[in-house]
Each structure stands twice: as structure tokens, then as C-alpha cells.
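Take a look at the structure below.
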Amino acid sequence: MRADLLSESIAGLDEALAAVDGFDRALAGGLLRPQPAQVADLTELAHAVAGTPLASRVAEAAEKSASGAASEDHFVALAAARTALLGSVHDALVSRLDEATGRTRDEEPAPEPGAWQAANLPAAARAWLSDLARAGWQGIDHDVVSGSAQVVSAMLPDPSMRRLATLLDGFAVELAASCPGASLERVPARRWGDLWSRAMLLTLPGASEAPAADTATGRLLPLGVDLQEHATAAQAQVHAVFEPADGAAPRLVRASVSAPKPDTVVGAGVWQLLRPHMSLLAAVGEGRSMELAGMPVTAEGDLLWSDEHARPSEPADAFATARVALPHATGAATAPLDRHPARIAVPVFLEGYAARKDDDVLTFTVAGHPLAVDTDRVPATGPLTPEAVAASGACIGLLRWDAGTYRVQPLAVETTLRKKAVAIHAGAWAGGTTDKVGVKAEKAATDAVTVLRERAGRLLRK
């Protein structure tokens, strides 16, 4: 990998992010009675998209917002401009990554126009989001935030609206926990700007439709597992190389599984909640490939996992896959609404680097160029530890972009223990384990789930 390219600046990147930050500042203060600084930020957003098809609409929206007379359509235009700028940042960063890795990428399929039958509910959602924009994050209160409750309740029974309903519900809960906005010491402007913009665009016809899916038949070679854990939910995303049975070029794919969880289930116990929903986790833990037959897969490389379309196959070493198959795998296209710097997670293989730790920050020096290592993303649900990463000589990871720089998130490393070369995987316990630490954590989780089920059973019987 050409690590030198990852440290070079990208033309226009800082300017695009500055325009997004400016709009987020304007949104934080509210657009009902904008102050001169907010007007300047809105004008800068319009200037940033002046050479695009959005130019006239965003210019009008910025002008109306500056005078406090913006309608819902104007807020949609501002959300589109913000999303387009972050999408351009995503594209520039991914293009640089493709150049550094020497990898090609699928072209994005042309979107088909969609139609939403129940237009009243998306309109109600837009009205609430517009109220948020007028109030601003510093002006929110429980009366404003609670306006989403009836909309969410009406949307949830309809599967076509569940994506938007879930986003609105989580967003409202987060805002309610921060009310009143006037007392906030720190406003998470980028995060709330992301959620507001995405929700606003999801109210448009066809935006929430499920992605079109093809089918995949061939061999799946897992690379590693990225586990994301929340107090009430967990998700495991398996990154893999797929080799089509028809001899076409291998491609990068993902398979995800999510499950709700009680906050008493921590550590390796999380796998118990995820394991029953996806047989692929057992294959990852055992170091096996899988044979797929007609598995649904989107143009973005997401396998819509169904165990009936997969069966375990022969052993497959993840590091052998990373050395032999990964360099030739084609990257997947990214859906328009998913084009955001935070969504970047490109599988890479690194070796021959020198690891160095300064002020608790670990870096890999790859071909003479430093690359930051995000050890905070190493989960506590497997044997991989920051210490093992620091002592490693080869790494399978995900290249991400955070805080203005590229960072690698380790999924597995090769290191030496007791003078013996070993591979340590973050998802080694996904399918079960005989490791003492893992067994102890699994037992604690089993006990916690058993107690919760007994209590739930008693409540239901009452």
C-alpha cells in the first residue's frame, strides 16, 4: 500500500468541511431569527455548491433562511446541499484510498425514481424537522421535541417507513435527553446536523426504499469482524472477500447482524445475542469459508444474510485471504445517502511496519510514513488487545477517516507469543470459545440473560 498518499492534502477538502461546519453553527442557533454570523454561514453554504445543479435552489433557500422566512422546501434544499458537500468529501477520501491500495471500485448504479403512497406522514416528519431548524439546538425544549411522537407511532407499522421512523425516534430521544438546549455546555453540532439532514432527505419520495438486490453464488472468505456495541443494542459486521462461482473478479462484501441487548450483557457475552441470527459468525470463529447459493446482495456490497443460502465450507485463513485475494478484490459502490466520511471503512492488509506508541497514541510506520491506529475501536469481546496490536508485525484492518486523518482499526494481527507466531482476531470468540476469559464472560452473560428471562416470565404471568 502507498501510505505516502494518505498523508497528502486533498484539494478543496478543508473548504467543503468548513462550509458544512458553518451551516451546523447556523443550525445550532436556529433559523427563525438568524443573526449576521448565521447569515454569513448560510451564504457560504450556497457559495460552496454554486457550480452544481443545486445552486439556484440552495441560493434561494439561503436567502429565505437569512430573512427567517424559509419553508419546508427551503430546509430540504439546505439539507441536500450539506449532504452533497459531505458526499463530495467522502468521494475524494475514498478515491485517495483506492489510489493508495491500487484497488478498483464498482460504478454506482443509476437510481430509479421512487414514489411514496402515504405522503402525509413524510410531510408531517418534514414539518417537525423544520420546527427543529427554526428553534435550533440551543432553542429546543420538550414541547418541540415531543412533536415527533405521533409521527413515529404512525410510521412504525409500515415497513416502508420504518427506516425513517427509527431515525426520528432515536433522534428525538437524544434531543429530549439534552433539553433544554439553552443549558447545553456543548452542542454536538456535526452529529445532530448529520441526523437532521439525513432525516429530512429520507422524507422525500423513494429515499427510504430498500436497495435493489442481486444474488451471489460462490465462496465467501471472511477477513474479520467489526463489532459495534451500545447500551441497548449490538451489531456485528463481517468484512469478507467474495469469489463468484462464475469466475468473475472477487469483490469486497459485508454481512451484518444486529440484536437488542440488556446493559447487563457485556464483553464476550454479546456474541450469544448475535450468534443465533447468523451462521457466518460461527464460521469466522472457526476460521472457515462459506459457500453461498443465491444469497441476496445489494449493489453496495451488503449481503442480506439468510442462513438458508449458506453452508460452512473448508478452512480459510484470514491472513492468507488478505495476502492473496484482498489485493485483487473490487470495492463496492456507495449509495448516495451513505456517502459520508464517517461511513468509510475500507479493508486493508499491512505488514512490515514498525509500531510506536507516544503519549498513548499508537502509530504504524508503513514504508516510512506514519499511520494512526485506532485502538479504542478494539472491542472487549475477543482476545485482541491494544497490547497485542502494538507488538504485531502484520494487521488486517479497516481504514477509516476521523478527526482529519486516516486511521486503521485493527480486526486481526499476527504477533509472537512465547517465541511462536500466532494470529489474534477480534472476532475469534464469535462462534464460541474454550479460552478461559471468554468462557467466564459467556457464563456471566448466560446467567444474566437467564435471570432477565425469569423476571420477564413472572411479569407476563401477572
Would you call [X]-[Y] a salt bridge at under 4.0 Å N-O?
| X | Y | answer |
| --- | --- | --- |
| Glu243 | Arg251 | no |
| Arg103 | Asp98 | no |
| Asp194 | Arg82 | yes |
| Arg400 | Asp402 | no |

Shortest non-hydrogen contact from [X] toward [Y]:
| X | Y | answer |
| --- | --- | --- |
| Ala234 | Lys261 | CB-CD, 4.2 Å |
| Pro250 | Val241 | CB-CG1, 3.9 Å |
| Leu220 | Trp305 | CD2-CZ3, 3.9 Å |
| Val284 | Gly427 | CG1-O, 3.9 Å |
| Leu93 | Tyr406 | O-OH, 2.9 Å |
| Trp137 | Gly193 | CZ2-N, 4.4 Å |

- Quick check: are there more than 12 heavy atoms from other residues, nucleotides or ligands sitting under 6.0 Å from CZ of Arg190? yes
- Task: Any chance you could lay out the side chain to side chain contact (heavy atoms under 4.5 Å, CB included) test for Ile344 and Leu399, step after step, and finish with the verdict?
- Result: CA-CA 7 Å; Ile344 295 174; Leu399 264 182; 6.0 Å; no
- Check whether any side-chain N or O of Arg198 sits under 3.5 Å from a backbone N or O of Leu337 as a donor-acceptor pair, and report yes or no. yes
- Ignoring hydrogens and geometry, is there a side-chain-to-backbone donor-acceptor pair from Trp128 to Val144 under 3.5 Å? yes
Just list the side-chain donor-acceptor pairs under 3.5 Å for residues 359-374, sequence neighbours left out, or say none.
unit_1, atom_1, unit_2, atom_2, d
Thr363, OG1, Arg356, O, 3.4
Asp374, OD1, Asp376, N, 3.4
Asp374, OD2, Arg377, NE, 3.3

Pairs under 3.5 angstrom only: tabulate donor-acceptor contacts from the side chains of residues 317-329 to other protein residues two or more places apart or in another chain.
unit_1, atom_1, unit_2, atom_2, d
Asp317, OD2, Phe319, N, 3.1
Asp317, OD2, Ala320, N, 2.8
Thr321, OG1, Asp317, O, 3.2
Arg323, NH1, Glu414, OE2, 3.4
Arg323, NH2, Glu351, OE1, 3.1
Arg323, NH2, Glu414, OE1, 2.9

